[in-house]
Structure formats: C-alpha cells, structure tokens
Number of protein chains: 4
Amino acid sequence: MKFNAIAGFSALALVSSQALANAVVVNQGLSEQEVLTAQQGWCNALVQISETHEDDGQAAAKELAKEVIDAAYGYQMGAVLFKPTLTVKPQTFRPTSEGALSYFVGGDPNFPSDSGFALKGWTQCDVDNNAVFIAGDSASTIGKVHFTGPDGTVTSVDKTWGFVKDDAGDVRIVLHHSSLEYQP
Amino acid sequence: MKFNAIAGFSALALVSSQALANAVVVNQGLSEQEVLTAQQGWCNALVQISETHEDDGQAAAKELAKEVIDAAYGYQMGAVLFKPTLTVKPQTFRPTSEGALSYFVGGDPNFPSDSGFALKGWTQCDVDNNAVFIAGDSASTIGKVHFTGPDGTVTSVDKTWGFVKDDAGDVRIVLHHSSLEYQP
Amino acid sequence: MKFNAIAGFSALALVSSQALANAVVVNQGLSEQEVLTAQQGWCNALVQISETHEDDGQAAAKELAKEVIDAAYGYQMGAVLFKPTLTVKPQTFRPTSEGALSYFVGGDPNFPSDSGFALKGWTQCDVDNNAVFIAGDSASTIGKVHFTGPDGTVTSVDKTWGFVKDDAGDVRIVLHHSSLEYQP
Amino acid sequence: MKFNAIAGFSALALVSSQALANAVVVNQGLSEQEVLTAQQGWCNALVQISETHEDDGQAAAKELAKEVIDAAYGYQMGAVLFKPTLTVKPQTFRPTSEGALSYFVGGDPNFPSDSGFALKGWTQCDVDNNAVFIAGDSASTIGKVHFTGPDGTVTSVDKTWGFVKDDAGDVRIVLHHSSLEYQP
C-alpha cells in the first residue's frame, strides 16, 4: 500500500484549503520560476549596462553595475564564489564586490587586467540551461549563455550559477563560474 | 531601480520556457501542497488503522501501523523527535520506531503505559493549521488537529510537525509534538 | 573499495590546511554547540526577566522581554510557529511578536488570558534534550525543560524548538511548542 | 544587551553537556573538514585511476572509475550539473553517469570526442581553494586544482564543486564545473 496515495485528489484539495484557511504561510523555498527569473534578470542587466555605457558613458555604467551587483549577488553574506569568463591569475577569482565591479566595468587600478566585460556592446543575452538543481532554499544551474555583440556575432560561454534566497526573500547569486568553450 | 523587475512578465515567460527547453530539473524543495498532502495522509492513515482494528483486530492494525510509520516517519535517518499526545515519563518521547508503533497500537511490554492511540475508533481527523514555515527542503507546521471518536465527540490537540524530503523524494515526518489543550 | 577512505588521516590533514591556505570560508551551518547555546540563552533570559520583574517591576521586565524576543525569535521572517505552555483558545498560538510578548509579561488587553509566564519568579531553567536534529542551516530539539519556582518547586514541560541561522549569522527560534506533561 | 552573551562560557559548557546527556543527535550538516575530505578524495581517486590504467589497463581503470563515480557523485538524485574541463559541443555537459564515465576513461562510442581524462598519467592532484560556502546540508567550493602529469608538468584548472550529504550521510558531488585557465 502506498500510504500517501490513500486520499483521492479532489477530496484532498478540498481538505487542504480548509487546513490552510486561517494559516500564515512563510515560504523560503526557491521555485523554478524564481531561478529562471534571476537568470534572465542577470542577462537583462548585462545588456542594460552595455546600453548605459553606449548612451551615458562608463561612469553611468559603473553606477548601474554597482546597483546590480548589490541587488543580485550575495557579497553581504561574506563572499561570492565567482570565476568570471575572462580573468587571469592572480586575480582569477572575485570573492569581493570590488572585484566583481571591476570585472564588469573596468577602470579599477587594483585590477589592471580588467577591461569591462559589460562594456562590450552586448545587445542580447540568452540562457540555455542544461540542468537545474533546486535543493530547497538554494538552487544551482549549469548550461550555455549566449551573448550577442554589436555586430551580431554570438559568443557562447559555459556558465554555472548558485542562488540562495536571503532573509528578505530576494534571490541572490552566491556562486558564478563562467568559462569560454574548450577549443581542442 | 528594482533590478529583478526589469523584464516584463510576458516576455520573461517566453524566454523562460526556451531556457528550460532541454534542461533536466531536479527539485528537492517541499511545496505547500506536499506539506498539506503529508498532513492529510497522516490523518487518513490514523482513521484507517482505527477501521482496520475494528474490522480485523489488533494484529492487522499493528501491521498497517508499522507500514505507515516506515513510510511516513524518518526513523531511518537516525531518530525522530516525537512527543505523542498521551505519553508519560520516563517514556514521554519516542525517538525509535518501536516506541512510535507501541504508542499507536499498544501491546508492547516494553511500553507498559501505551494503550494504542490509533485503536480508539477514530472516524475522522482534520487538520487546522495556524502557521506553516517552508524552509526549502524542510517544512514545519503548527496548529490544531481534531479527532472525531466513535460517538461523534471531537478531541482537539495542539500539534507541531516537521517534514523533510528524503533522497527518494518522499516527504517524511522528522518532528512531531502533540499535546492536549491546556486547561486553566 | 571505500573511495573516501583512500587518504590516510595525517596526510589528509596536511593537504587540507594547504587547500584552505588562502580561502575565504562562509559557513551558514548550525553547530551542536550553537543550538545548545541558543537553548540555554532562552533559559537564562527567562530567569533574567523574572529577576528584573522582582527588582524593577513589570515595565522593566516587559522592556527586557521585548529585547529578548526581537533578538532570539524569527518574527521578522514573517511568523513564528509558537504554542506557549499555558495559552487557551482562541489565542493558543502566537504567530506575532505581540502575542509572544503578552504571553511572557502579560498586561496586554488584546490577550486577556495572559498573566505573564516570565513573571512567575523563576530562579532556574534547565534544558534536558531527548533528541536533536541538525538539518544543516536549521535544527530542531525536543525534550524536557525544568523551571524552578521561587519556593524551589520544579515544573517540567515538554518542549520543541526549531532554530534557523539568519543572514547575519544569528540563531533564531522559528518554532516553539511547549506543553505541560500529560496527566493520565 | 547582547542576549546570547548572558551566559559565561565555562558555565555554559557545563550546562550543555548536561543538556545532551541522554540525547540522540542527528547531524546532517556538512563540516569544513568533510568538504576538504571530499575534494581530496576526488583528487586521490583521479591519481589512482591513472595508476590503475598504467598498471592494469583501460578495463581495470574503467571499473575503478565506475566505482568512484557511483560513490562520489549524486547521479542517483536525478542528474549532476557537470561541465568537465575538455568536453565540446554538443556533449559539453554530462548530466548522466554514462557521460561522466566516458569523460574519465574514454572508449564509449556514444561520446566519440572523449579520450579519457583520468588516463593521462596523473601522478599528483592538489586543491587550492579560493572560497568555500557551507550552506548547511550543502556546500560549494571554487578555486584552482593542479594536476601533475607523468613528465612533471603541472596543468591548472579553475574548478567549482557543489556537494550535498545524502540520506546515508555520504558527501556527494552534485555540481562540477571545470575549465582551463583563460588565455588572453
């Protein structure tokens, strides 16, 4: 006997709505839709930083990028596990928000090899997931992300993201590994 | 600017379905519906054990109860935090499945004070949640549960349940505290 | 072959310290010691509120209780699943901080049956766990808590606590079910 | 007043051991040491597969690799988010254990571009973490891993791992993204 299957669905649905009639529900779990929204939000922000750079210059792009990083990454939790696509030793990883900001918009003498990934005139950014793992209040994704440049050329990267939901209910990136496709 | 709100909903929905077109999704999170189903499953099983006792005797009820405990509780994880309604010292808590089984169907000389809570002729069991907290891959509920006895009398208890999802995707009770209402 | 057992312990310890030499570690897990500290912190605070009441009156006790509730419970997450020992219908559960404060120090016309549990002159509070379940970033405990009153009499209750770690790293009570021992 | 700091440490330690005297403790959290052990276990297994290949041929190496993948990865949970170092489209990702096995030891006509990463004569494998994030019952790491080849040459990769603890208490890799260092 499959114990959980005792109740028929329609009977259950009826009972359930009674069971919750007066209940407060706090839900800290991450839904599939929230994960997809966070991914697409990252893509949209990248394109928007590129457009801001085009229209209003690096300073404006930097201001927007700072806002995006503060809202979308989890640096306030202590560190983010971040390996951007184009970084080199000894600054391959960017566990601080300063390092992330420099990667996206450049211009920071402490990170001399950064030219600003978000300033490359991206016009489109598409997510193509290979697998999504929702662990509950955290989730991971792996797959391709395709960036369309100003001349229409598409650059594809292999990208892993780790997301958590913070106390305020906002989804934040705590892990981000991006790499160019392997060329044999 | 609220970064996550950049994308309009309809545009997002379109992109999202593309983003998942070829993706495998593993979801270990607990949904509200799964929590309610597990609660109602517990209630249904209690009534069914009572009916089995009525129809087929204690041995059959015990067999069913064992099946239910194995399927619905998390004893195989090491222990369940279980304080049944009517237990007394020094066997107030039932961290092992033997103690749980004895509580529900009695007849175990190692638990001499147990008369079998599930053998009391219950005809109905209703859950009335006060609050539900879904932490991701675990969830807790607190509220009243109302038991209707053979003569139609309703007994209400204050009940807390803690649920987790096991590796097989089944929802299991790892915490269960039940108490009679306080009489001033 | 047990794959994880390949490395001998001393060799591993050496390698491990190298592996972490330059690493930032963010740890949101709850340790056993943190759980015990939170439990004993609750007990200590209860006694301290009783003493403050004795020494400085209800208003001072109320101020301290408010401070304790804000620091130790998770009401800012949306709700706490709280069934205090001595509450009655229709206010059995206290999903809001107002209800918790009234339970501990009384004097709130919205909760007319509350006389103030923390004002009863408690001189000692001891935790005696039956089982502890650490799920990772949350934990649950069940067991007895023994309260020593002003005349030395000890009152024992059955108590379940659920704890989580918030974004700031503080341990908070999100679940609390307390009940008098069953009297057959 | 810092509520949790009320109790002095020595007094607390005393009380705590009493609080747990008779308690069962189930701990599903991941410790730092367990994460490091899992990382080093992966490294040791890679070298051991290389040695087995050297000594006993591909079939023996394949058998060992299968054992390692079954024990160390979480394929039985539904999928692993795996981007190996040297894979190419359209088989960049390896969400199934067949794909993982082929990557490590080659010889699978379904994955024609795989030559067997674990057969390259590795003599040493060292983990150099940049950041570790322990979320509770899951953990992520990012950093360099250095592979020493048969001629002493060291190859470094950027590697992200995600670990969970399964119901049996074993640590399993559910996420693995590896990439060659970016060459500007």
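Each chain gets a letter, A, B and so on, in the order its sequence line appears, and its residues count up from 1.
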More than 12 heavy atoms from other groups under 6.0 Å of NZ on C/Lys66:
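Counting other residues, nucleotides and ligands, NZ of C/Lys66 stays at 12 neighbours or fewer.
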With side chains defined as the heavy atoms from C-beta onward, is the minimum distance between A/Asp137 and C/Asp137 less than 4.5 Å?
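Yes; the side chains approach each other to less than 4.5 Å.
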C/Arg172 CZ to A/Asp167 CG distance, which is reported to the nearest 0.5 Å:
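If I round to the nearest 0.5 Å, the distance is 8.0 Å.
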I need the minimum non-hydrogen distance between C/Gly78 and A/Val24, along with the two atoms involved.
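Where C/Gly78 meets A/Val24 most closely, the heavy atoms are O-CG1, 4.2 Å.
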In terms of heavy-atom proximity below 4.5 Å to chain A, should C/Gln76 be classed as side chain, backbone, both, or neither?
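No part of C/Gln76 comes within 4.5 Å of chain A.
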